[in-house]
Protein chains: 2
Amino acid sequence: MKASTDTRQRLLDSARELLYSRSYGNVGVKEICDMAGVQKGSFYHFFPSKQELTLAVLDEFFIISKQEIFSRSFRPEWSGMKQLNALLENIYVFQKGTKEQIGKTLGCPYGNMSSEMSTQDEVIRQRLNGLLQQMEMSLKTALDKALHEGEISPCNTAATAAAMFAFIEGLMLLAKTRNDPELIREIGAAMLTIRIGETAIS
Amino acid sequence: MKASTDTRQRLLDSARELLYSRSYGNVGVKEICDMAGVQKGSFYHFFPSKQELTLAVLDEFFIISKQEIFSRSFRPEWSGMKQLNALLENIYVFQKGTKEQIGKTLGCPYGNMSSEMSTQDEVIRQRLNGLLQQMEMSLKTALDKALHEGEISPCNTAATAAAMFAFIEGLMLLAKTRNDPELIREIGAAMLTIRIGETAIS
DNA sequence: ATCGTAGTTGACCGATCGGTAAAGCGCAAG
DNA sequence: CTTGCGCTTTACCGATCGGTCAACTACGAT
């Protein structure tokens, strides 16, 4: 065939969609191949195993997340708090998008994968943990900015960022369970009230 | 055999352990039967399908949660805020227990199941949603108590309870991803700072 | 003593699982 | 023209999947 070089990419795309909308254990490589229009033997030419495919999907997801969510939220010209607000809004828009497209609120791809696989595949767990830490760091940077610009009073920004990130993950999980992205709008703003180690002066 | 009547219970116990420590899609009914010392045909005498077994496991998990976590947290003689603090502590103790026993932090059984199954099985999703709402209601009751006793200033307790619950779920998910229950201790207290609809007077 | 029934057993179903092997393809470099 | 190679195709592997089935056992009620 001539469609040669994009075969890997089509496999990646199909796998991303299927793994995100379903799960690791409930999606077979046969199904991924069918959606991509690729033979199974060809799959194993590009990926040595389902596990490696999953790691590649995770990495690609991270790139997409940065493009669609993070770069649209953490704009340098915005204040720290405005950045955090934008993050919530962009997450809402993303979740609402999938709901309108396929009728389902899918939640966080990393959180989903972690729930299922963290106890079963140590390599995947560590990859997930690394990606999650990077996102958490983005929150901390925004918080540091907010602190530096006087938007918030002094606190432990590292711990607060971790707590805010936990809140976001839980928020997406609950939105998925209710199959309703509006939950993000309804209670998302509570994230901004989270604080750890606040030195309550004045 | 003579072990007749407890066969169903042994199946339930095995399934609970396996589904919690692994996942739905990665645990087969054969494996559940083996652990329970039960023949597969016998399994289908008690449960019409893997789905029904899962629903039963969820219900039993809820009973256990109430015994091990909720009843030890929401003691009527305690103040609302003390109850919420106790909840965090009991969750920590529980997660730390599994880590010490099997070396892994398993997170929330409902959150795990929801992540994997909410998009694939509507019946399971609804059951999960119902259980989660009940737990959220417990938080609201504690918050109302705290408000009534003057521990906190007026706010939207229903929305605040939902936000606190989201935080807890995210907290357990992150602890699972890091495979470290200590995270619950490190940032768990942030839950108490969450507030929605606070009418900031004075 | 007999019958109904709850429970058990082990074989079996077609389908799918992740993964392998080998042969064949088009194409570019020699 | 030929060789080598990236890629594709097809058939296949043993294992497991969720679920079914009929035969069988043990026991309690009549």
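All heavy atoms count here, side chains included; hydrogens, waters and symmetry mates do not. Just so we're on the same page: letters track the sequence lines, and every chain starts at 1.
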Problem set entry | Close side-chain approach of A:T193 to B:E198, heavy-atom, < 4.5 Å | no

Exercise. Between A:F46 (CZ) and C:dG19 (P), how many Å, whole number?
Worked result: 17 Å

Seminar exercise, completed: When rounded to whole Å, the CG to C1' distance for the pair A:L11 and C:dG18 reads 15 Å

Exercise. Would you say the side chains of A:Q83 and A:E77 form a donor-acceptor pair under 3.5 Å?
Worked result: no

Exercise. Rounded to whole angstrom units, what separation is found between the CG atom of A:N26 and the C1' atom of D:dT16?
Worked result: 15 Å

Might you list the N or O atoms of the protein lying below 3.5 Å from N or O atoms in nucleotides 19-21 of chain D, with each pair's distance?
from   : atom 1 : to    : atom 2 : distance (Å)
D:dG19 : OP2    : B:Y44 : OH     : 3.0
D:dG19 : OP2    : B:K50 : N      : 2.9
D:dG19 : N7     : B:K40 : NZ     : 2.9
D:dG19 : O6     : B:K40 : NZ     : 2.5

Exercise. Between B:R10 and B:D13, is there a salt bridge with N-O shorter than 4.0 Å?
Worked result: no

Exercise. Atom CZ of B:R8 to atom P of C:dT8: distance rounded to whole Å?
Worked result: 13 Å

Problem set entry | Side-chain N,O (A:Q39) to OP1/OP2 (D:dT8) below 4.0 Å | no

Seminar exercise, completed: CZ (B:F167) and CD1 (A:I168) are apart, to the nearest 0.5 Å, by 12.0 Å

Exercise. Rounded to whole angstroms, how far apart are CG on B:L18 and C1' on D:dT16?
Worked result: 16 Å

Seminar exercise, completed: Here the distance between atom C1' of D:dA23 and atom NE2 of B:H45, to the nearest Å, is 15 Å

Exercise. If only side-chain N and O atoms of B:T7 are considered, is one of them under 4.0 Å from the OP1 or OP2 phosphate oxygen of C:dT8?
Worked result: yes

Problem set entry | Minimum heavy-atom distance between B:Q120 and A:S23, given as atom pair plus value | NE2-OG, 3.3 Å

Exercise. Rounding to a whole Å, what distance do you find between B:D121:CG and D:dG18:C1'?
Worked result: 14 Å

For this session: State, yes or no, whether a side-chain contact exists between A:R178 and A:T105 at a heavy-atom distance under 4.5 Å.
Result: no

For this session: May I have the distance from B:K30 (atom NZ) to D:dG14 (atom P), rounded to whole angstrom?
Result: 18 Å

